[in-house]
Structures are given as C-alpha cells and as structure tokens.
Amino acid sequence: MGHKVVVFDISVVRALWETRVKKHKAWQKKEAERLEKSALEKIKEEWNFVAECRRKGIPQAQYCKNGFIDTSVRLLEKIERNSLSRPSSLAKDRGKQSNPFVFELSGEHWKELPDSLKEQTHLKEWHISNTLIQIIPTYIELFQAMRILDLPKNQISCLPAEIGRLKNLKELNVSFNHLKSIPPELGDCENLERLDCSGNLELMELPFELSNLKQVTFVDISANKFSSVPICVLRMSNLQWLDISNNNLNDLPQDIDRLEELQSFLLYKNKLTYLPYCMLNLKKLTLLVVSGDHLVELPTALCDSSTPLKFISLMDNPIDKAQGQDDDEIMESEQERQHFDKEFMKAYIEDLKERESVPSYTTKVSFSLQL
C-alpha cells in the first residue's frame with residue numbers, strides 16, 4: 001500500500017503566520033489606546049505629576065488651569081527651570097535651613113503658600129518675607145508647636161481667627177503688610193512676648209482682648225493711624241518696649257504710668273504738644289524718643305540728671321514740595337519711607353547703647369534732624 005504525502009505550499013504557511021502576527025499587533029495597539037484613554041491611567045498620571053510638583057515645592061496655581069491639572073512635561077521643565085534660576089526659590093531656602101523645624105520663604109513669585117506646608121505641622125518657626133502672599137490659611141491652627149511667626153513685607157490683608165489656637169506662640173511679626181485689623185482671638189495666645197504690627201499704614205486700633213497678653217514685653221505699632229494708645233496696651237503689665245511713632249497721637253493718656261516696667265518709649269512723628277506729668281512715674285524708663293515739631297511743653301524733671309532717662313528731641317523740618325521735587329519722588333512708597341525711618345532710629349538707638357559707659361551728662365541728647 002502506498003503512503004499519502006501531504007504537501008503544503010510554503011507561501012500558504014507564511015501568509016498564515018503573517019496574518020496572526022498582524023492581528024496580534026493590532027490587538028496590542030488597541031489595548032494601548034484603551035489604557036491611554038482609561039480614567040484610572042489618567043488619574044495615576046495626574047497624581048504622580050502633582051506629587052512631583054509638591055516634592056519640588058511648586059505652588060498649585062502654577063500647574064492648575066481652571067481647576068484642571070496640566071500634566072505637560074514641558075510645563076514641569078519650565079517651572080523647574082524658573083525655580084532654579086531664582087536665588088530665593090524654596091529649594092534654595094531649604095538648603096539654607098540648618099534647622100528642620102524652621103520654614104523660610106521669600107520672593108515676589110510666591111502668591112500663595114505651597115500645599116506641602118500643611119503637612120509639616122511639626123514646624124516651630126515660619127519666616128516669610130517679600131512675597132505677594134495675601135492670605136494666611138486657616139490650617140495654621142494645626143501648627144501647635146509654633147513659636148515664631150515672622151511675616152514682614154508681604155501683601156497680607158487679614159489674619160485668620162484660628163491664629164488664637166497657637167498657645168505656644170511667642171513672637172508675631174506682621175509688619176509692613178496691608179492689615180486693617182487684628183483678630184481678637186490673638187488675645188488667646190497667652191505666651192506671646194513680642195508683637196510687631198508696624199508699617200501697615202491703615203491700622204487704627206487693637207482689640208481689647210489683647211489685654212490678656214500679660215507676657216508681652218515688646219509692642220511695635222508704629223507707622224499706622226492710631227489716635228491714642230490702645231487700652232489693651234496699657235494693660236500689658238510686663239511691657240518694656242513700646243513704639244507708637246508715626247501715628248496720629250495728640251496726647252498721651254493720664255494713666256500711661258500703669259506701664260511700670262516700660263524702659264523704651266518711642267513717640268516721634270506724632271502730633272504731641274506736651275508730655276503729661278505722670279511720665280515721671282515711669283521709674284524704669286531709660287529711653288524716650290519724642291517728635292519735637294509740635295512739642296511746646298514737658299515736665300522739666302524729665303531732664304533732671306538724677307533720672308535714668310536718655311531724652312532725645314527730634315525736630316522734624318518738613319520739606320517744601322515746591323522746591324524742585326517731583327510728586328512721584330515724594331510719594332515713592334509710604335511703606336518704604338516709614339521703613340527707612342525705622343531703620344535709622346534703630347541704628348541711632350544702638351549707637352546710644354554702645355555709649356552707655358560715657359559720663360552721665362552726655363546721655364541726654366537734643367538735636368535737630370530732617371527725616
């Protein structure tokens with residue numbers, strides 16, 4: 001019996017496998033497209049992108065458009081490049097930090113605090129300056145270990161009531177911002193020792209609740225619009241330094257001598273015409289700075305050599321605007337001018353302290369100055 005031999009054309013076998021390979025590649029491509037359009041894959045991509053931005057300290061506003069996340073790789077590269085080119089970027093600030101409990105931030109490219117900050121509730125100090133940040137978020141109450149809030153020269157327009165939950169806060173500096181009021185809840189920060197609200201220009205009063213701040217030794221409310229010494233300040237029994245210069249004071253309260261621990265009192269550039277006799281009861285007062293442009297009367301005993309007082313009379317001579325100065329130059333920046341005044345006075349007071357060892361008759365200084 002003969003054998004049957006099955007004969008295949010090689011071209012038929014080849015065509016079969018090519019068909020199968022083609023179908024498999026088409027399936028792979030279709031599966032890839034399905035995964036690319038998958039919502040889970042999109043969410044994963046966005047999450048990884050957000051995590052990378054947060055890790056590098058990039059503000060949310062820079063990678064969000066109308067509430068949607070822009071995961072463009074080119075966008076991330078651009079943000080990274082800009083961050084690296086700015087000397088005051090968060091990465092560089094972190095590199096400067098030798099203390100893991102201190103947060104530092106500066107630079108006008110910052111318009112809001114980084115989202116990652118809310119997760120660092122172990123921080124004890126914030127140092128934020130020269131930014132365009134307008135709002136301090138309410139989650140600040142989570143930072144129960146906070147000791148120092150140093151927030152000068154920003155665009156902050158209000159402080160959240162939650163700041164009163166910071167029971168361990170010792171220093172608050174919100175100078176040269178745009179505050180028009182201070183939350184009464186700040187009076188709950190019973191351990192506060194230093195309060196600086198200077199240079200806000202529009203601040204007119206402090207809430208009575210701040211009378212509870214019995215540990216405060218330093219208050220600076222200069223360069224604002226106070227027409228009188230706030231009642232709450234008169235009840236800060238441990239106050240040693242009070243700066244209320246560059247305001248609208250017409251007189252001092254007759255019970256100013258309640259501040260028995262007061263050592264330094266800055267009153268320059270107000271509208272005072274006299275100093276009350278009760279000033280003599282401030283037995284620890286060693287430094288008194290008074291604007292002399294309206295001062296016509298003061299207790300002669302203040303100049304007695306037996307007192308520890310260093311008396312400084314600043315005779316301000318107003319500049320005549322008609323003498324060739326542009327209004328633009330005069331009105332440069334009220335905050336900048338006030339800051340310059342403060343820096344000058346600080347330098348002068350430091351110079352006085354360095355001359356403590358000179359004979360007593362030179363410690364009382366009177367001079368004329370044009371600021």
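Open room surrounds CD on Glu205; 12 or fewer heavy atoms of other groups in view lie less than 6.0 Å from it. The environment of OH in Tyr139 is crowded: more than 12 heavy-atom neighbours from other residues, nucleotides or ligands sit within 6.0 Å.
The aromatic rings of Trp27 and His24 lie parallel to each other, with less than 30° between the two planes, well short of the 60° mark. Aromatic ring orientation, His122 versus Phe101: perpendicular (interplanar angle above 60°, classes split at 30° and 60°).
Side-chain contact check for Asn154 and Thr131: at least one donor-acceptor pair (N or O, by modelled atom type) lies under 3.5 Å.
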Next on the checklist: Pair Ile140, Leu149 - check side chain to side chain contact (heavy atoms under 4.5 Å, CB included), show working.
Outcome noted: CA-CA 10 Å; Ile140 195 173; Leu149 265 179; 3.7 Å; yes
Next on the checklist: Using salt bridge (charged side-chain N to carboxylate O under 4.0 Å, His left out), reason through Lys284 and Glu260 one step at a time and then give a plain yes or no.
Outcome noted: CA-CA 7 Å; Lys284 295 187 178 181; Glu260 297 179 355; over 6 Å; no
Checklist entry - Does the pair Asn200 and Asn224 meet the rule for a side chain to side chain donor-acceptor pair (under 3.5 Å), with working shown? => result CA-CA 6 Å; Asn200 283 281; Asn224 284 296; 4.6 Å; no
Checklist entry - So Asn248 and Lys271, side chain to side chain contact (heavy atoms under 4.5 Å, CB included) or not? Walk me through it. => result CA-CA 6 Å; Asn248 296 322; Lys271 300 176 181 179; 4.1 Å; yes
Checklist entry - Does the pair Leu287 and Gln263 meet the rule for a side chain to side chain contact (heavy atoms under 4.5 Å, CB included), with working shown? => result CA-CA 6 Å; Leu287 178 64; Gln263 298 176 15; over 6 Å; no
Checklist entry - Which is it for Val174 and Leu179 under the side chain to side chain contact (heavy atoms under 4.5 Å, CB included) test, yes or no, and what are the steps along the way? => result CA-CA 8 Å; Val174 286; Leu179 296 174; 3.6 Å; yes
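Leu123 and Pro100 get closest at one heavy-atom pair: CD2-O, 3.6 Å. In terms of heavy atoms, Cys278 sits closest to Pro253 at SG-O, 4.1 Å. Listed here is the closest heavy atom pair of Asp150 and His127: OD2-ND1, 3.2 Å. Among all heavy-atom pairs drawn from Ala161 and Pro183, the shortest one is CA-CB, 4.4 Å.
The hydrophobic cluster containing Phe208 does not contain Leu206, counting ILVMFWY residues as joined when their side-chain heavy atoms lie under 4.5 angstrom apart, directly or transitively. Note on Val219 and Ile231: separate hydrophobic clusters, where clusters join Ile, Leu, Val, Met, Phe, Trp and Tyr whose side-chain heavy atoms are under 4.5 Å apart, directly or indirectly.
In this structure, the side chains of Leu172 and Leu166 stay at 4.5 Å or more apart for every pair of heavy atoms. A heavy-atom distance below 4.5 Å is not found between the side chains of Val216 and Leu210. When side chains are defined from C-beta on, Gln155 counts as touching His178, because their heavy atoms get closer than 4.5 Å. Residues Leu252 and Tyr274 are not in side-chain contact: their nearest non-hydrogen atoms beyond the backbone lie 4.5 Å or more apart. You'll find the side chain of Leu275 reaches within 4.5 Å of the side chain of Leu288, heavy atoms only.
Taking the charged nitrogens against the carboxylate oxygens, Lys170 and Glu193 do have a contact shorter than 4.0 Å, which makes a salt bridge.
In terms of modelled atom types and a separation under 3.5 Å, the side chain of Lys214 and the main chain of Ser211 share a donor-acceptor contact. Here the side chain of Asn177 pairs a donor or acceptor atom with the backbone of Leu151 at under 3.5 angstrom. Within the 3.5 Å criterion, the main-chain N or O of Arg165 finds a donor-acceptor partner in the side chain of Gln144. Judged purely by atom type and a 3.5 angstrom limit, Asn247 uses its side chain to pair as donor or acceptor with the backbone of Ser245.
For the side chain to side chain contact (heavy atoms under 4.5 Å, CB included) with Val290, the qualifying choice from Asn270, Leu266, Leu295 is Leu295, the only one to do so.
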